[in-house]
Amino acid sequence: MASTNFIVATTSTALFFSLLLVVPSSNCEDLESHHHHHKVPKSDVDLLEFPLNLEYFEAELFLHASLGYGLDKVAPNLTAGGPSPVGAKAAKLGPLIKDIILQFAYQEVGHLKAIKKTVKGFPRPLLNLSADSFAAVVDKAFGHALKPPFDPYANEINFLLASYLVPYVGLTGYVGANPKLHGPVSKRLVAGLLGVESGQDAVIRALLYERAHLKVKPYGKTVAEFTNRFSELRDKLGHDGHKDEGLVVLRHQGAEGKVEGNVLAGDKYSVAYDRTPEEILRIVYGSGDASVPGGFYPKGGNGHIAKSHLHRV
């Protein structure tokens with residue numbers, strides 16, 4: 001009897017371990033690389049693909065600033081043959097800021113992979129990341145041309161200010177997309193992306209807040225004033241009310257109406273603002289019109305949502 005039990009137990013154990021070899025682990029590489037297109041409702045696809053426009057922007061800006069090169073060298077497969085960005089280059093950064101921006105850069109590479117693992121995606125759009133492109137936005141924010149023209153790659157302060165310009169816009173886009181999604185895979189992806197994008201924005205704002213009263217050379221304007229002007233411009237271009245705030249605000253606009261410091265932007269309940277794809281296009285094009293490309297996207301964004309507006313022209 002004991003012998004029989006031993007044989008049965010041994011056979012069961014062998015069968016168990018054989019099954020482990022046959023059934024793939026949930027953490028195995030094959031499963032991780034498998035696309036989940038079939039799990040995403042059709043209504044979610046466009047909303048998940050649209051953020052690629054901003055993720056490409058952030059990846060290229062941060063990669064070039066920290067390494068001197070971008071996706072064409074780091075992960076050429078992710079570009080899907082899209083054109084190389086114009087004017088991006090290494091920024092003059094100290095060790096700490098360069099390390100932080102490099103971390104952001106590889107995080108953005110991961111975001112591109114995560115989205116393209118879930119939906120098909122689209123090629124990298126043409127991006128104008130030249131100093132002239134950033135200078136044009138800064139001039140618009142101040143209402144006149146700064147002299148000399150603002151150069152995002154010239155030093156740490158300038159680059160942190162340039163980094164303030166777009167990533168936050170993507171964050172508000174994820175907040176806006178989340179309630180419109182139906183599938184659990186879609187919601188999990190956007191929640192995960194939003195968590196890291198929010199962290200990046202918080203780091204950028206904290207670094208700038210530490211320098212809030214420092215005057216940006218040679219313009220004689222403080223870091224706080226730059227951020228306030230940028231936020232005012234984004235609200236103006238977005239055409240949908242107050243959804244943006246700089247680093248220092250009026251006391252009644254601060255958290256619970258108690259503070260003027262504004263290291264994190266939020267509404268009267270300190271809840272993140274939301275934006276639609278149309279608002280985002282109006283802002284990143286710099287035109288205030290989702291059907292009129294320009295600014296950082298000379299030929300407009302890619303994907304169904306962005307293209308649908310371009311076709312209306």
Side-chain angles (χ1 to χ4, degrees), residues 53-75 79 82-109 124-142 144-170 200-201 203-212 214-227 229-231 233-234 246-247 283-286 294-298:
N53 286 297
L54 299 183
E55 298 289 359
Y56 275 124
F57 176 101
E58 294 172 46
E60 293 291 7
L61 178 64
F62 293 149
L63 283 170
H64 278 88
S66 57
L67 295 174
Y69 50 82
L71 288 172
D72 287 336
K73 184 172 181 179
V74 173
T79 71
S84 299
V86 175
K89 62 181 182 179
K92 295 178 181 178
L93 307 174
L96 175 62
I97 303 301
K98 184 175 182 179
D99 177 41
I100 291 171
I101 298 304
L102 180 61
Q103 292 179 49
F104 287 178
Y106 282 118
Q107 288 166 6
E108 297 305 332
V109 172
R124 173 181 56 193
L126 177 63
L127 297 166
N128 184 352
L129 303 181
S130 67
D132 289 344
S133 182
F134 281 94
V137 175
V138 176
D139 289 350
K140 186 173 291 187
F142 278 93
H144 61 86
L146 297 190
K147 296 182 180 180
F150 181 85
D151 181 355
Y153 304 105
N155 54 62
E156 287 187 347
I157 294 295
N158 284 19
F159 187 77
L160 287 172
L161 287 169
S163 299
Y164 179 95
L165 279 172
V166 172
Y168 173 76
V169 178
Q200 291 180 353
D201 181 63
V203 170
I204 291 169
R205 290 181 72 101
L207 290 169
L208 288 170
Y209 188 72
E210 184 181 21
R211 302 159 171 81
L214 182 71
K215 289 191 175 180
V216 181
K217 296 178 181 180
Y219 310 112
K221 308 289 186 182
T222 66
V223 167
E225 185 172 353
F226 266 79
T227 64
R229 293 294 187 110
F230 292 169
S231 289
L233 176 64
R234 290 189 298 213
L247 295 176
I283 293 169
V284 298
Y285 289 174
F296 299 119
Y297 297 80

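Please read these numbers as outputs of a predicted model, since none were measured by experiment. We number each residue from 1, following the sequence as shown. Heavy atoms only: backbone and side chains are in, while hydrogens, waters and symmetry mates are out.
- With rounding to the nearest 0.5 angstrom, the CD atom of Q103 is 12.0 Å from the CZ atom of F62.
- Using the six-membered ring where Trp is involved, Y219 and F150 have ring planes that are tilted, between 30° and 60° apart.
- In this structure, the side chains of Y297 and L54 come closer than 4.5 Å at one or more pairs of heavy atoms.
- Note on R124 versus D72: salt bridge recorded, some NZ/NE/NH1/NH2 to OD/OE distance being below 4.0 Å.
- Not a single donor-acceptor pair under 3.5 Å links the side chain of R211 to the backbone N or O of V216.
- Annotation for N128 and G295: closest pair CB-O, 3.7 Å, computed over non-hydrogen atoms.
- Here the CG atom belonging to D139 is positioned 11.5 Å from the CZ atom belonging to R229, to the nearest 0.5 angstrom.
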> Can you check side-chain contact (heavy atoms from CB on, under 4.5 Å) on Y164 and L207, steps first, answer last?
Replying inline: CA-CA 11 Å; Y164 179 95; L207 290 169; over 6 Å; no
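- Nearest heavy-atom pair across G246 and S231 is N-OG, 3.5 Å.
- Atom CG of L93 and atom CD1 of I157 lie 11.0 Å apart (nearest 0.5 Å).
- When side chains are defined from C-beta on, F230 counts as touching L161, because their heavy atoms get closer than 4.5 Å.
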> Please walk me through it: do V203 and F104 pass side-chain contact (heavy atoms from CB on, under 4.5 Å)?
Replying inline: CA-CA 10 Å; V203 170; F104 287 178; 3.8 Å; yes
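- For the pair K89 (side chain) and Y153 (backbone), a donor-acceptor distance under 3.5 Å is absent.
- Under a 3.5 Å cut-off, the side chain of E60 and the backbone N or O of L71 do form a donor-acceptor pair.
- Distance alone, capped at 3.5 Å, places no donor-acceptor pair between the D151 side chain and the A131 backbone.
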>> Show, in sequence, the C-alpha distance, side-chain angles and deciding distance for L61 and F134, and conclude whether the side-chain contact (heavy atoms from CB on, under 4.5 Å) test is met.
In response: CA-CA 11 Å; L61 178 64; F134 281 94; 3.9 Å; yes
